[in-house]
Amino acid sequence: MIDRNTMVRFKALFETERDRLLFSKKVVNESYYLQQDDLMDEADTTSSELEASMQMRLRSREMLLLKKIDEALERISEGSFGACESCEEDIGLKRLEARPTATMCVHCKEQDERREHLHIDGWQPKSLGRRLRLA
């Protein structure tokens with residue numbers, strides 16, 4: 001099990017990263033918008049749309065990370081941080097240091113990834129059961 005000092009260290013790490021993500025979201029929301037001068041011709045419009053698309057993808061990834069951070073902070077407050085959600089064994093400090101939001105030990109994660117690779121494209125429908133999706 002993870003000792004109290006290590007738990008405090010991870011909590012501080014998550015809170016710092018959470019604050020950084022929330023601040024960057026605020027800065028982007030306040031400063032990012034298309035100006036009419038940016039849309040002079042078709043190439044400028046395409047470039048602006050591409051930049052907007054990239055910003056949206058970045059925001060989406062950051063929101064996913066923010067969700068994982070919030071879940072990790074919840075696990076810390078519940079006392080379950082560092083335990084594998086699958087087998088309930090310790091995840092291991094080295095794995096948590098490499099991937100602080102990890103919810104599975106290396107063994108269970110490897111098994112999970114092997115199951116994903118059983119499908120042609122790694123895609124498994126969540127709402128339709130375990131049907132194989134052909135490319």
Side-chain angles (χ1 to χ4, degrees):
M1 201 62 177
I2 296 177
D3 64 54
R4 179 163 168 63
N5 289 337
T6 303
M7 196 77 72
V8 168
R9 183 171 52 100
F10 276 105
K11 184 176 181 184
L13 172 83
F14 290 132
E15 288 172 343
T16 300
E17 184 65 11
R18 186 176 194 283
D19 290 345
R20 185 193 67 77
L21 288 169
L22 291 173
F23 177 75
S24 72
K25 180 182 176 195
K26 180 182 176 193
V27 168
V28 168
N29 287 345
E30 289 174 355
S31 66
Y32 184 75
Y33 60 91
L34 296 176
Q35 294 183 1
Q36 200 60 31
D37 294 344
D38 293 340
L39 306 175
M40 297 294 281
D41 61 23
E42 202 171 300
D44 290 337
T45 301
T46 302
S47 177
S48 294
E49 288 173 355
L50 180 61
E51 184 177 343
S53 175
M54 301 264 299
Q55 285 289 338
M56 287 173 55
R57 270 191 242 130
L58 177 62
R59 287 291 126 216
S60 179
R61 290 182 65 125
E62 286 178 345
M63 293 309 294
L64 180 61
L65 178 56
L66 191 56
K67 179 182 177 203
K68 287 181 178 185
I69 288 171
D70 286 341
E71 289 169 352
L73 286 169
E74 187 175 324
R75 287 192 308 277
I76 287 173
S77 69
E78 292 172 349
S80 63
F81 180 78
C84 177
E85 69 181 14
S86 184
C87 70
E88 298 181 5
E89 295 293 323
D90 286 346
I91 290 175
L93 187 57
K94 286 186 179 184
R95 174 154 170 74
L96 288 172
E97 287 174 342
R99 188 165 200 70
T101 58
T103 60
M104 295 176 145
C105 67
V106 171
H107 177 72
C108 290
K109 185 61 178 173
E110 286 174 348
Q111 285 182 330
D112 190 53
E113 288 175 355
R114 272 190 225 105
R115 279 190 295 270
E116 286 178 10
H117 289 358
L118 292 176
H119 299 279
I120 290 173
D121 60 0
W123 182 82
Q124 184 175 4
K126 303 234 189 265
S127 61
L128 300 176
R130 294 189 172 265
R131 288 193 336 215
L132 182 62
R133 181 178 159 227
L134 300 176

Just to verify, what does Asp70 make a salt bridge (Lys or Arg N to Asp or Glu O under 4.0 Å) with, not counting sequence neighbours?
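Arg18.
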Could you grab the distance from atom [atom1] of [X] to atom [atom2] of [Y], nearest 0.5 Å is fine?
X: Leu21; Y: Met63; atom1: CG; atom2: CE; answer: 9.0 Å
X: Leu22; Y: Glu17; atom1: CG; atom2: CD; answer: 10.0 Å
X: Glu49; Y: Glu51; atom1: CD; atom2: CD; answer: 11.5 Å

Could you pull out all residues at least two apart from [X] that satisfy side-chain contact (heavy atoms from CB on, under 4.5 Å)?
X: Asp3; answer: Asn5, Thr6
X: Val8; answer: Arg4
X: Leu64; answer: Lys68
X: Arg57; answer: Ser53, Met54

Can you pull the ring pair (Phe, Tyr, Trp, His ring centres under 6.0 Å) pairs that have at least one residue in [range], sequence neighbours excluded?
range: residues 43-75; answer: none
range: residues 43-80; answer: none
range: residues 77-116; answer: Phe10-Phe81, Phe14-Phe81
range: residues 41-67; answer: none

If you look only at pairs with a residue in residues 91-105, which of them pass as a salt bridge (Lys or Arg N to Asp or Glu O under 4.0 Å), with sequence neighbours excluded?
Arg9-Glu97
Suppose the criterion is salt bridge (Lys or Arg N to Asp or Glu O under 4.0 Å): which pairs have a residue in residues 74-93, not counting sequence neighbours?
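Checked against salt bridge (Lys or Arg N to Asp or Glu O under 4.0 Å) - neighbours excluded - no pair reaches residues 74-93.
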Check whether Leu93 and Met104 end up in the same hydrophobic cluster, where Ile, Leu, Val, Met, Phe, Trp and Tyr are linked by side-chain heavy atoms less than 4.5 Å apart.
no
Minimum heavy-atom separation for Cys105 and Cys84, please, with both atom names.
N-SG, 3.4 Å
When you compare the side chain of Glu15 with that of Leu73, does any pair of heavy atoms fall below 4.5 Å?
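Contact flag for Leu73/Glu15 side chains = yes.
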